[in-house]
Student: 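First the structure, then my questions, so here it is.
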Amino acid sequence: MHARSRLDNLPRRVVTLTLYGALFVAVVLSMPVLLIAALAIDLVRRRRLATLRCVGLVTLYLACEVAGIVASAALWVAAPALGGLDSERSQQGHYALQRWWAGCLYRGAERLYGLERRVDEGGSDPGRGPLVVFARHASLVDTIIPVVFLCGAHGLRLRYVLKRELLWDPCLDLVGNRIPNYFVRRGSSDTARETE
């Protein structure tokens, strides 16, 4: 990454890191009130704890973000000792962080919402690649499924093509820009550059 593009990221990162940190602190400090309010809403509306589970997932997401930000900062500080951000050791650390973040969110959603997963393992060893995965993107969970099942189970290192708006998620921004992903400018007038 060039020095100019790093500077371009700075204003967004100041906003997102501050916002996510403040949101996490606000949620943790107001947790008793949030839990009581969510439970009351669910009891009145007879919603089978849907609001309470939603509060749980938002809290888990913010906690994973804060932990991911701290871990990515540690990897950044350790980068010189690892041979630089692009070194194999640094890349291993970033991919491990990506697997942890996605796995934590996925397992949390599984438990909170009682999700069931069925994986057809018959002949599903993807080998070492090349492999192209088209994930049905109906929710955040769909985006992290390939990391959980391909990276975690088979040790693959996926490269994502993501919409540029996802850079407003601090972990996707920090870690996603350190491993070989691409954030597409949708509606760009230079479609050839985006495709390349």
Student: Given 3.5 Å as the limit, does a donor-acceptor pair link the side chain of E65 with the main chain of C171, or not?
Tutor: yes

Student: According to side chain to side chain donor-acceptor pair (under 3.5 Å), does anything in residues 16-28 pair up with another residue at least two apart or in another chain? List the pairs.
Tutor: Y20-Y61

Student: Could you tell me which residues satisfy salt bridge (charged side-chain N to carboxylate O under 4.0 Å, His left out) with R48, sequence neighbours excluded, listed by chain and number?
Tutor: none

Student: Distance check, rounded to the nearest 0.5 Å: R164 atom CZ versus Y182 atom OH?
Tutor: 6.5 Å

Student: Does Q91 have any side-chain hydrogen bond (donor to acceptor under 3.5 Å, both in side chains) partners at least two apart in sequence or in another chain, and if so, which?
Tutor: none

Student: Once you round to the nearest 0.5 Å, how far does CG of L82 lie from CH2 of W76?
Tutor: 13.5 Å

Student: Of all residues at least two apart in sequence or in a different chain, which pass the side-chain contact (heavy atoms from CB on, under 4.5 Å) check with L23?
Tutor: L19, L62

Student: Say you draw a straight line from CG of N9 to CZ of R13; how long is it, rounded to the nearest 0.5 Å?
Tutor: 4.0 Å

Student: Any donor and acceptor pair, going by atom type alone, linking the side chain of S87 with main-chain N or O of S90 inside 3.5 Å?
Tutor: yes

Student: For the residue pair H94 and L85, establish whether any side-chain heavy-atom pair is separated by less than 4.5 Å.
Tutor: yes

Student: Please write out which residues are connected to V25 in a hydrophobic cluster, directly or through intermediates, given that two of Ile, Leu, Val, Met, Phe, Trp, Tyr count as joined at side-chain heavy-atom separations below 4.5 angstrom.
Tutor: L29

Student: Tell me whether V28 shares a hydrophobic cluster with L39, the cluster being built from Ile, Leu, Val, Met, Phe, Trp, Tyr side chains joined at under 4.5 Å.
Tutor: yes

Student: Step by step, would you call W101 with V147 a side chain to side chain contact (heavy atoms under 4.5 Å, CB included)?
Tutor: CA-CA 9 Å; W101 182 83; V147 174; over 6 Å; no

Student: How long is the straight-line distance from CD1 of I41 back to CG of L52, given to the nearest 0.5 Å?
Tutor: 10.0 Å

Student: Partners of R89 by side-chain hydrogen bond (donor to acceptor under 3.5 Å, both in side chains), sequence neighbours excluded?
Tutor: none

Student: Is there a path from V184 to Y160 through hydrophobic residues (I, L, V, M, F, W, Y) whose side chains come within less than 4.5 Å of each other?
Tutor: no

Student: If every non-hydrogen atom of D42 is compared with every non-hydrogen atom of A50, which pair is closest and at what distance?
Tutor: OD2-N, 3.4 Å

Student: Where do N177 and F183 land on the side chain to side chain contact (heavy atoms under 4.5 Å, CB included) test, with the steps shown first?
Tutor: CA-CA 9 Å; N177 276 307; F183 292 88; 3.8 Å; yes

Student: What do the steps show when you test L75 against R178 for side chain to side chain contact (heavy atoms under 4.5 Å, CB included), and what is the final call?
Tutor: CA-CA 10 Å; L75 286 168; R178 293 181 191 167; 4.3 Å; yes

Student: Check side-chain hydrogen bond (donor to acceptor under 3.5 Å, both in side chains) between Y113 and all other residues, then give those that pass, not counting sequence neighbours.
Tutor: none

Student: Where is the tightest heavy-atom contact between G68 and L97, given as atom of each residue plus distance?
Tutor: O-CD2, 3.8 Å

Student: Within a strict 4.5 Å, meaning less than it, do heavy atoms of the V15 and W168 side chains meet?
Tutor: yes

Student: Examine L43 and L49 and state if one hydrophobic cluster contains both, with Ile, Leu, Val, Met, Phe, Trp and Tyr joined whenever side-chain heavy atoms are less than 4.5 Å apart.
Tutor: yes

Student: For P146 and L158, work out which heavy atoms get closest and say how close.
Tutor: CB-CD1, 3.5 Å

Student: For I69, which fellow cluster members are found when Ile, Leu, Val, Met, Phe, Trp and Tyr are connected by side-chain heavy-atom distances below 4.5 angstrom, either directly or through intermediates?
Tutor: L17, L174

Student: Considering non-hydrogen atoms only, spot the tightest contact between C104 and C64 and give its length.
Tutor: SG-SG, 3.3 Å

Student: Which residues pass the side-chain hydrogen bond (donor to acceptor under 3.5 Å, both in side chains) test with R117, sequence neighbours left out?
Tutor: E110

Student: Excluding sequence neighbours, so at least two apart, what forms side-chain contact (heavy atoms from CB on, under 4.5 Å) with V55?
Tutor: M31, L34, L35, A38, T59

Student: Only counting residues at least two apart or in another chain, list the ones meeting salt bridge (charged side-chain N to carboxylate O under 4.0 Å, His left out) with R12.
Tutor: D173

Student: Could you state the interatomic distance from CZ (R157) to CD (Q98), rounded to the nearest 0.5 Å?
Tutor: 10.5 Å

Student: Salt bridge (charged side-chain N to carboxylate O under 4.0 Å, His left out) with E116: which residues, sequence neighbours excluded?
Tutor: none

